[in-house]
> 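So that we are looking at the same thing, I have put the structure below in structure tokens.
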Amino acid sequence: MIYYFSGTGNSLLVGRRLSERLGEQLCPMTAPMPTADDAIGLVFPVYAWGIPNIVEGFVRDFLKAFPQMDSAFLYAVMTCGDDMGYADRVLEAALGRKLDAAFSVQMPNVYVCLPGFDVDSKEVSSEKLSRVEGRTSEIAGKVRKREAARQLVRGRFAWLKTYVLRPLFNRSLLTDKYFNVDASLCTSCGKCRKACPVGNIKMSDGSPKWQSHCAGCLACYHACPHHAINFGRMTQKKGQFIYNLTIYYLLFIYDLTI
Ligand SMILES: Cc1cc2nc3c(=O)[nH]c(=O)nc-3n(C[C@H](O)[C@H](O)[C@H](O)COP(=O)(O)O)c2cc1C
């Protein structure tokens with residue numbers, strides 16, 4: 001079984017490719033089903049050099065109750081724009097056990113809410129996406145052989161990022177209270193509501209309203225066809241990653257046959 005969380009589609013793409021290659025079922029962490037499999041995969045994005053709160057909740061409230069938790073081959077595949085810090089160790093702390101294998105996969109960056117952070121150029125996005133087939137094939141090979149692999153891009157100052165910056169980030173920036181809508185651009189299409197993986201957006205008087213249980217994934221920001229949604233004022237001039245992607249990936253996001 002492969003459990004996944006994905007805000008904007010990257011981890012879903014990686015999860016689907018792994019599920020096809022391994023012949024394993026793919027199940028969202030937001031609606032998890034139990035499994036008796038002896039191999040359990042976790043696929044999700046890196047947030048602030050750690051793991052999304054939703055993944056932490058899934059591990060704590062659901063996964064830890066599995067009878068085979070100590071004996072299963074447990075592996076994590078973490079997608080990130082650049083580097084993941086010690087996200088694997090944050091996950092292991094939540095799990096209360098070591099991972100048997102852990103991988104990071106570089107994917108198009110979607111984080112845009114701080115100065116200096118923006119989506120990748122079209123060229124960089126396409127280059128990262130062109131590596132997905134090879135990378136997922138490599139990971140699937142290692143999982144099939146139950147190899148104790150660690151292929152992780154931690155980046156520079158990994159400890160500082162995970163254990164100093166991440167708590168600050170979670171305390172001050174992991175919130176939906178800064179989202180705002182430019183009423184002159186919003187067409188009330190509701191794509192933001194549909195894109196939200198945790199049902200945190202309600203439409204009221206034709207405008208999105210965030211309900212304070214945000215996963216922080218920025219799916220709403222990226223899904224808006226008119227760039228009407230912003231996070232404070234920081235994102236007004238930032239890109240939306242969806243416009244940088246190849247047709248192949250767009251077809252995938254909209255779940256058309258590829
Ligand atoms: C809140 C947030 C924090 C992020 N933090 C990191 C990070 O620490 N390092 C990194 O390389 N990418 C970071 N990213 C980028 C995502 O990890 C990356 O784009 C990922 O593939 C998105 O996956 P998804 O499309 O499945 O949601 C962050 C994205 C978000 C939304």
Side-chain angles (χ1 to χ4, degrees), residues 2-18 26 28-30 41-56 58 76-91 103-114 116-121 124-125 127-129 131-132 135-136 152-176 178-179 195-198 200 214-223 229 231-232 234-235 238-242 244-245 249-250 252-254:
I2 299 173
Y3 294 100
Y4 79 92
F5 170 70
S6 181
T8 40
N10 286 342
S11 311
L12 177 57
L13 175 62
V14 170
R16 270 207 208 152
R17 289 294 175 266
L18 286 173
L26 186 64
M29 291 186 192
T30 47
L42 306 174
V43 183
F44 58 85
V46 170
Y47 283 179
W49 306 285
I51 68 176
N53 285 347
I54 197 144
V55 175
E56 205 160 340
F58 163 82
V77 181
M78 293 158 274
T79 73
C80 57
D82 297 299
D83 50 51
M84 53 162 295
Y86 285 110
D88 54 321
R89 296 201 189 160
V90 175
L91 177 62
F103 309 88
S104 61
V105 179
Q106 279 184 334
M107 293 294 279
N109 182 44
V110 302
Y111 189 71
V112 291
C113 301
L114 280 170
F117 290 80
D118 206 344
V119 293
D120 294 320
S121 66
V124 172
S125 291
E127 209 270 318
K128 286 176 174 175
L129 290 171
R131 283 189 259 133
V132 169
R135 185 76 178 115
T136 50
L152 305 167
V153 178
R154 297 201 186 281
R156 296 178 73 198
F157 311 115
W159 192 92
L160 187 78
K161 286 167 168 172
T162 299
Y163 295 109
V164 179
L165 296 184
R166 176 175 186 259
L168 294 174
F169 176 92
N170 283 354
R171 212 170 305 141
S172 50
L173 288 172
L174 204 59
T175 170
D176 57 16
Y178 301 123
F179 281 119
C196 178
V198 293
N200 186 42
C214 182
C217 69
L218 298 177
C220 53
Y221 166 85
H222 289 290
I229 293 175
F231 190 81
M234 199 58 78
T235 57
K238 300 286 178 77
Q240 289 171 284
F241 98 116
I242 227 141
N244 284 341
L245 301 177
Y249 190 77
L250 288 173
F252 167 80
I253 288 184
Y254 292 107

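Numbers for residues simply follow the sequence, beginning at 1. Keep in mind the model is a prediction, meaning the values are calculated, not measured. One-based numbering, in listed order, for ligands and for the atoms of each.
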> From the options Ser6, Pro108, Ala215, select the one whose nearest heavy atom is closest to atom 19 (O) of ligand 1.
Pro108

> For atom 5 (N) of ligand 1, which candidate among Gly155, Cys80, Ala48 holds the nearest heavy atom?
Ala48

> If we only count N/O pairs under 3.5 Å, is Val46 in contact with ligand 1?
yes

> Against heavy atoms of Thr79, which atoms of ligand 1 measure under 4.0 Å?
17 (O), 20 (C), 21 (O), 23 (O)

> Under 3.5 Å, N or O to N or O, is Tyr111 touching ligand 1 that way?
no

> Going by the atom numbers of ligand 1, which of them fall below 4.0 Å from some non-hydrogen atom of Gly216?
1 (C), 31 (C)

> Find out whether Ile229 and Phe179 are in side-chain contact, i.e. whether some heavy atom of one side chain is under 4.5 Å from a heavy atom of the other.
yes

> Which ligand 1 atoms are under 4.0 Å away from a heavy-atom of Met107?
21 (O)

> Which of the numbered atoms in ligand 1 are below 4.0 angstrom from a heavy atom of Asn109?
14 (N), 15 (C), 19 (O)

> Under a 4.0 angstrom heavy-atom cut-off, which atoms of ligand 1 come close to Gly7?
24 (P), 26 (O), 27 (O)

> To check you understand the geometry: which heavy-atom pair defines the closest contact between Asp82 and Lys128, and what is its length?
OD1-NZ, 4.4 Å

> Given Val43, Asn10, Leu218, which one has a non-hydrogen atom that is nearest to atom 22 (C) of ligand 1?
Asn10

> What part of Ala219 sits under 4.0 Å from ligand 1 if we count only heavy atoms: the side chain, the backbone, both or neither?
neither

> So, is Val110 polar-close to ligand 1, with some N/O to N/O distance under 3.5 Å?
yes

> I need the minimum non-hydrogen distance between Asp176 and Asn200, along with the two atoms involved.
OD2-ND2, 2.9 Å

> Please confirm whether Pro45 comes within less than 3.5 Å of ligand 1 when only nitrogen or oxygen atoms on both sides are compared.
no

> Using a strict cut-off of 4.0 Å, indicate which atoms of ligand 1 neighbour a heavy atom of Trp49.
7 (C), 8 (O), 9 (N)

> Verify whether the ring centers belonging to Tyr3 and Phe58 lie closer than 6.0 Å.
yes

> Hey, which atoms in ligand 1 end up nearer than 4.0 Å to a heavy atom of Asp82?
10 (C), 11 (O)

> Going by the atom numbers of ligand 1, which of them fall below 4.0 Å from some non-hydrogen atom of Ser11?
23 (O), 24 (P), 26 (O)

> What verdict does the side-chain contact (heavy atoms from CB on, under 4.5 Å) test give for Asp120 and Phe241, after you've listed the backbone C-alpha separation in whole Å, the side-chain angles of each residue and the deciding distance to 0.1 Å?
CA-CA 7 Å; Asp120 294 320; Phe241 98 116; over 6 Å; no

> Looking only at heavy atoms, which two atoms of Met107 and Val132 are closest? And how far apart?
SD-CG2, 3.5 Å

